[in-house]
Chemist: 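A single structure is presented below for examination.
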Amino acid sequence: KSLLTQLEQILNIEAITKALPVDTKHIVLIPHRDLHRLPLHTFFPDALTTYLPSAQIGLSLSQQPPTSALAPLLNIDDPDIEQPKMDYARLESTLVRQLVGNATHLAGRVTATDATQALETHHNTLHFTGHGEYNHRQPESSALQLTDGLLTAKHIGALDLSGYGLVCLASCETALTGTDTIATEYVGLVSAFLKAGAANVLSTLWQVEEIESTWFIVRFYQALLEHQPPAAALKTAQQWLRTVTPNNLATWITTLSQTSGLSDGTIDILKAYAAVTLDDNADSLN
């Protein structure tokens, strides 16, 4: 927190805030160079904030008709690679598919060809759970890891994804960007999806804990289904995760287990986690 305070002073956030109209509700941030890697939205807690890699991409996206429906959904779910399976990521995917409905599900052996063909088929939302990697030397080589290799930012940027209202990358370090010179536009997975025409991209700056990420993402989708726009849904999920108590979390998870269409195995997992959450809370009170 002390480092963020120092950054706030360096950037003179107080002066910027004072210059904003008092009724400002939404701020678009276009950070310069390595500022892309920092949570600048925390300096503007009373407004919705979104990020763009460049003003040009923002202008291009503004010309597209808005897409509010989440379905049909494309879910690429924890592809088989030489790393341990992500149990909670798969749980997250199951819950997201059940909440949204009308989903195409790719799991197990997922190749770059499979992913590309699915991406180029009409969907409104992409939800990816799995592993991502950021290449700081060659940002265009930043990629999502698939069974037969990498789906790179360069490849993604060449696709036509203008029908996608939301791309949700539930994997680590997918928001990082890089540049070779001050004149070079930032390149990374987020800017690649935006360049390809996706209207909104949710991604991560750091490695994230799998279970906390699962609850956060599910709450985010719940807010979207309550007809909140993506920026507002993100803020709702962030605030919820900061303030939820163990008892409330256990109740919420139990409610999730009652979602229609879930398999018995998924229901059992949810009920078990709710019970563990309550037990841990009881132990902390003794």
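These numbers were taken from a predicted model, which means no experiment stands behind them.
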Chemist: What pairs of residues pass the ring pair (Phe, Tyr, Trp, His ring centres under 6.0 Å) test when at least one of them lies in residues 99-126, not counting sequence neighbours?
Modeler: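 Of all non-adjacent pairs touching residues 99-126, none passes ring pair (Phe, Tyr, Trp, His ring centres under 6.0 Å).
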
Chemist: Hey, which of Leu119, Asn124, Thr125 is the one that makes side-chain contact (heavy atoms from CB on, under 4.5 Å) with Tyr164?
Modeler: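 Testing each of Leu119, Asn124, Thr125 against Tyr164, the sole residue satisfying side-chain contact (heavy atoms from CB on, under 4.5 Å) is Leu119.
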
Chemist: Could you give the distance from OG1 (Thr116) to CG (Leu151), rounded to the nearest 0.5 Å?
Modeler: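 Rounded to the nearest 0.5 Å, the OG1-CG separation comes to 5.0 Å.
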
Chemist: Applying the side-chain contact (heavy atoms from CB on, under 4.5 Å) test to Leu40, which of Leu11, Leu4, Ile27, Thr49 qualifies?
Modeler: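 So the option named by the test is Leu11.
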
Chemist: Checking Ser263 against Thr266: is there a side-chain donor and acceptor pair closer than 3.5 Å?
Modeler: yes

Chemist: Does the pair Trp215 and Tyr273 meet the rule for a ring-ring contact (aromatic ring centres under 6.0 Å, His included), with working shown?
Modeler: CA-CA 11 Å; Trp215 306 142; Tyr273 198 87; 5.3 Å; yes

Chemist: Would Trp252 and Trp240 count as a close aromatic pair, with their ring centres under 6.0 Å?
Modeler: yes

Chemist: Between the side chains of Asp80 and Thr147, does any donor sit under 3.5 Å from an acceptor?
Modeler: no

Chemist: Identify every side-chain donor-acceptor pair in residues 227-238 under 3.5 Å, counting partners at least two apart or on other chains, and give the distances.
Modeler:
{"unit_1": "Gln228", "atom_1": "OE1", "unit_2": "Thr236", "atom_2": "OG1", "d": "2.7"}
{"unit_1": "Gln228", "atom_1": "NE2", "unit_2": "Glu226", "atom_2": "OE1", "d": "3.4"}
{"unit_1": "Lys235", "atom_1": "NZ", "unit_2": "Pro45", "atom_2": "O", "d": "2.6"}
{"unit_1": "Thr236", "atom_1": "OG1", "unit_2": "Ala232", "atom_2": "O", "d": "3.1"}

Chemist: Could you name each residue pair satisfying salt bridge (Lys or Arg N to Asp or Glu O under 4.0 Å) that touches residues 109-132, not counting sequence neighbours?
Modeler: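 Pairs touching residues 109-132 that pass the test: none.
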
Chemist: I want to check something: taking the side chain as every heavy atom from C-beta on, are Thr254 and Leu270 in contact at a cut-off of under 4.5 Å?
Modeler: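 Contact flag for Thr254/Leu270 side chains = no.
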
Chemist: Show, in sequence, the C-alpha distance, side-chain angles and deciding distance for Ser162 and Asp160, and conclude whether the side chain to side chain donor-acceptor pair (under 3.5 Å) test is met.
Modeler: CA-CA 6 Å; Ser162 55; Asp160 178 8; 2.8 Å; yes

Chemist: Can a side-chain donor-acceptor contact be found between His127 and Ser93 if the only test is distance below 3.5 angstrom?
Modeler: no

